[in-house]
Amino acid sequence: VRPLEGRKIICCVGSGGVGKTTTAAALALRSAMEGKRALVLTIDPARRLANSLGLRELGNAETRIDPAHFAEAKLSPRGEMWAMMLDLKRAWDELVRRDARSPEQAEAILGNKIYQSLSTAMAGSLEYIAMEKVYELYASGRFDVIVLDTPPTSSALDFLHAPDRVLDVLDNNAMRLVLGPMLKAGRLGLRMLVRPSGLVLRTLARFTGSDFLRDLAEFMVAFEGMYEGFKDRASEVKALLSSERTAFVLVTSPNPLITQEALFFHRALEEAGIRTAAVVVNRVQRDPRRHGGPDNLPALKEALQLAQIKDTDHLAERLCETLTDQAILADLDRREVERLRRTLNGVPLFTVPRLRRDVHDLAGLWQIDEYLGGE
Amino acid sequence: MPALLDRRLVVVTGKGGTGKSTISAAVALAAARRGKRVLVCEVVAKERVADFFGRPPSGTQIHELVPNLYSVHVRPRESMREYALMTLRYETLYRIAFENAAARYFLAAAPSLAEIVMLGKVFWHASREMERGRLRWDMVVLDAPATGHGLTFLSVPEVFLRLVSEGPLARDMRLMQSVLADPAKCSICVVTLPEEMPANEAIDLDRALRQRQFPAGPLFLNGAFSSRFSAQEVASVTRSGPMLTAAGEAADNHESRAALSGHYEAVLRKAVPRELVKVPFLFERSFGAQAIDKVSRAIEGAL
């Protein structure tokens with residue numbers, strides 16, 4: 001894919017179930033074939049694809065795809081392909097352990113209920129840790145290209161605002177002010193003695209109870225001293241993502257609901273000053289009528305006769321119905337792809353036809369490359 | 001155990017793009033046809049059900065779409081406000097407590113507060129008291145959000161109660177938990193497609209739902225393709241020269257898709273111990289009231 005030449009980081013974004021993981025793996029494969037050290041970072045449990053790449057477990061270690069797998073697919077890459085399945089919760093824990101000033105601080109954070117919900121449930125937190133991991137791998141200089149398959153639940157806003165959101169939760173001056181006495185007590189280990197005070201806090205406590213606020217205060221106390229490091233890196237992550245080194249690839253299917261989300265994502269990127277590098281539309285129905293030939297009932301009957309095929313059990317009717325059905329699907333898809341093309345005016349757009357089988361191996365991935373502008 | 005259409009609350013879960021809204025609308029329509037008063041609550045970013053019936057969006061006000069079938073769009077911001085006002089009673093107090101920078105922070109850190117208040121709103125509808133001797137709604141259909149698994153949404157009470165054990169929200173969460181666990185009142189359905197990722201996720205979702213002992217409703221297999229040609233027919237048509245190339249490709253495409261569909265149907269039947277309701281793929285140029293009607297008639301026998 002030409003628009004991706006020279007990029008160090010490729011983020012595949014889009015709704016779940018549109019073939020994001022497959023597209024990400026195909027893009028990494030292309031780079032490896034061209035002689036690069038390419039890493040695909042996947043989050044989705046697309047097990048069969050992972051298995052076919054020789055990855056069996058969810059773990060945060062990068063694994064090289066065995067050259068034997070390439071040989072089986074009759075491919076001889078000039079570079080290397082690596083893959084990693086990210087366990088996001090674990091990535092968060094590792095980050096905390098790495099950045100904490102002492103093992104005690106790390107334990108205090110890891111055991112805190114607010115941290116636990118933040119690292120697994122808060123909007124944007126998974127996106128943030130995925131990007132953080134990309135940054136870490138990029139900074140290590142071990143790979144020429146890193147392709148990120150984003151979390152399936154990502155909405156555009158979660159993705160782009162993730163660093164700010166996470167930073168805001170880690171350190172929020174307004175909340176500090178409101179929690180004031182509770183923070184002080186937390187530092188002194190006096191949590192049980194202080195009740196929420198002040199109108200705001202007392203009102204919030206009516207919704208959640210005061211234990212929650214104590215946990216919050218404890219979390220803020222536990223995190224003290226780590227914030228600066230987080231903030232610095234978050235701004236580097238942001239800078240990297242919006243630089244020319246990073247390409248965002250929108251992956252979608254021709255389903256109108258899904259393209260709507262893709263367009264929403266595109267606009268959100270635009271607002272953040274990031275250009276969409278390419279759009280990949282997967283599973284586009286091909287129109288059988290492109291071959292020409294008869295598509296109405298009398299003509300099909302005649303063609304069957306000429307080919308000496310018996311028209312048993314209404315074969316001609318079934319063929320006619322099937323041609324019509326697929327023409328409908330092809331028309332719908334074409335209309336949707338055209339709409340995308342018009343709206344994304346100028347962004348390179350690639351369509352991958354609906355394949356006869358699911359892609360489960362390197363050979364299948366390489367077959368997709370043909371549609372992604374490969375030769 | 002009561003049939004699906006006799007439950008008070010039917011929750012429709014599944015990943016995005018599987019046709020949750022379609023199934024929600026079709027289930028609701030089947031119930032409405034039997035004379036039940038049904039409310040569809042859409043908790044997704046963009047409401048769709050009204051549009052299926054050619055009606056303008058309902059927004060946060062309940063609107064009747066067809067006789068006995070109503071819909072409402074449940075949105076986080078409005079729900080939060082309504083909920084807070086209901087509890088606090090004073091607008092000023094709401095403003096002081098919630099419209100400040102600290103509260104924004106609080107809302108981000110509190111586990112899924114947006115989901116909580118939305119679920120609360122749905123429950124409020126579901127438990128609305130009698131009106132002229134009759135329940136306001138015979139059935140509430142919750143079109144659950146697609147975020148990850150709809151499971152996140154249903155687990156909200158549990159997650160919340162782990163963090164927060166006192167206060168009005170905790171009390172409401174306990175009530176919701178008890179309804180969500182009651183097979184006489186509630187049923188949790190799963191929608192999926194005969195494709196790899198949706199099927200895998202449906203299997204995970206089903207397992208997680210059963211582990212948490214949510215009352216198991218049917219598994220809707222949406223967009224099921226059935227075979228139309230024998231392998232022999234496909235082979236003879238594809239081999240017979242340029243006149244039949246298009247027809248041969250169409251038949252071959254259809255059969256390969258039907259084969260995939262059949263494969264994932266078998267996988268799902270084996271892995272998911274729920275009643276599987278097949279919803280045939282519809283070849284329609286536009287998806288409207290007619291299509292919903294077809295779907296609802298295709299499934300109603302199983303409900």
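Residue numbering restarts at 1 for every chain, and letters A, B, ... go by the order of the sequence lines. In this text the structure is predicted, and so the values were computed from the model without any measurement.
- Each ring pair (Phe, Tyr, Trp, His ring centres under 6.0 Å) pair with one or both residues in residues 227-260 of chain B, not counting sequence neighbours, appears once here: B:Phe225-B:His254.
- Using a 4.5 Å cut-off on side-chain heavy atoms (C-beta onward), B:Glu195 and A:Arg283 make contact.
- Around CD of A:Glu302, the count of heavy atoms belonging to other residues, nucleotides or ligands within 6.0 Å does not exceed 12.
- Taking the side chain as every heavy atom from C-beta outward, A:Leu329 and B:Phe281 approach each other to under 4.5 Å.
- Here the shortest heavy-atom pairing between B:Ala246 and A:Pro288 reads CB-O, 3.1 Å.
- Ion pairing of B:Glu249 with A:Arg286 is absent here, as no side-chain N (NZ or NE/NH1/NH2) approaches a carboxylate O to less than 4.0 Å.
- Contact annotation for A:Leu257: only side-chain heavy atoms (C-beta onward) come within less than 4.5 Å of a heavy atom of chain B.
- Listed options A:Gly293, A:Gly292, A:Ala303 were ranked by heavy-atom pairs under 4.5 angstrom with chain B; first place goes to A:Ala303.
- Two residues are said to be in side-chain contact when any heavy atoms from C-beta on lie closer than 4.5 Å; A:Arg318 and B:Glu233 meet this criterion.
- Within a 6.0 Å sphere centred on CD of B:Gln290, heavy atoms belonging to other residues, nucleotides or ligands number 12 at most.
- Interface residue B:Arg48: only side-chain heavy atoms are found under 4.5 Å from chain A.
- When heavy atoms are compared at a cutoff of 4.5 Å, A:Gln260 approaches chain B solely by way of its side chain, counted from C-beta outward.
- Ranked by heavy-atom pairs shorter than 4.5 Å toward chain B, the options A:Arg289, A:Arg290, A:Arg357 are led by A:Arg290.
- At least one side-chain heavy atom of A:Asp358 sits under 4.5 Å from a side-chain heavy atom of B:Tyr264.
- Two residues are said to be in side-chain contact when any heavy atoms from C-beta on lie closer than 4.5 Å; A:Leu306 and B:Leu244 fail this criterion.
- Annotation: the span from B:Ser236 atom OG to A:Gln308 atom CD amounts to 12.0 Å, rounded to 0.5 Å.
- Of the atoms belonging to A:Glu321, heavy atoms from both backbone and side chain fall under 4.5 Å from chain B.
- Annotation: side chain of A:Thr322 is not in contact with side chain of B:Asn253 (no heavy-atom distance under 4.5 Å).
- Residues B:Met243 and A:His291 fail the side-chain proximity criterion, which asks for heavy atoms closer than 4.5 Å.
- Contacts between A:Leu323 and chain B at a heavy-atom distance below 4.5 Å involve backbone atoms as well as side-chain atoms.
- Classification of A:Asp313 and B:Arg228 as a salt-bridged pair fails, no side-chain N sitting under 4.0 Å from a carboxylate O.
- Contacts with chain B were tallied for A:Leu319, A:Asn255, A:Leu315, A:Asp325; A:Asp325 has the most, counting heavy-atom pairs under 4.5 Å.
- For chain A, no part of B:Arg171 is nearby; none of its heavy atoms comes within less than 4.5 Å.
- Distance check, rounded to the nearest 0.5 Å: OG of B:Ser286 to CG of A:Leu332 gives 9.0 Å.
- Inter-residue side-chain proximity for A:Arg356 and B:Asp252 is flagged as met; some heavy-atom pair is nearer than 4.5 Å.
- In this structure, the separation between CZ on B:Arg285 and CG on A:Asp331 is 4.5 Å, given to the nearest 0.5 Å.
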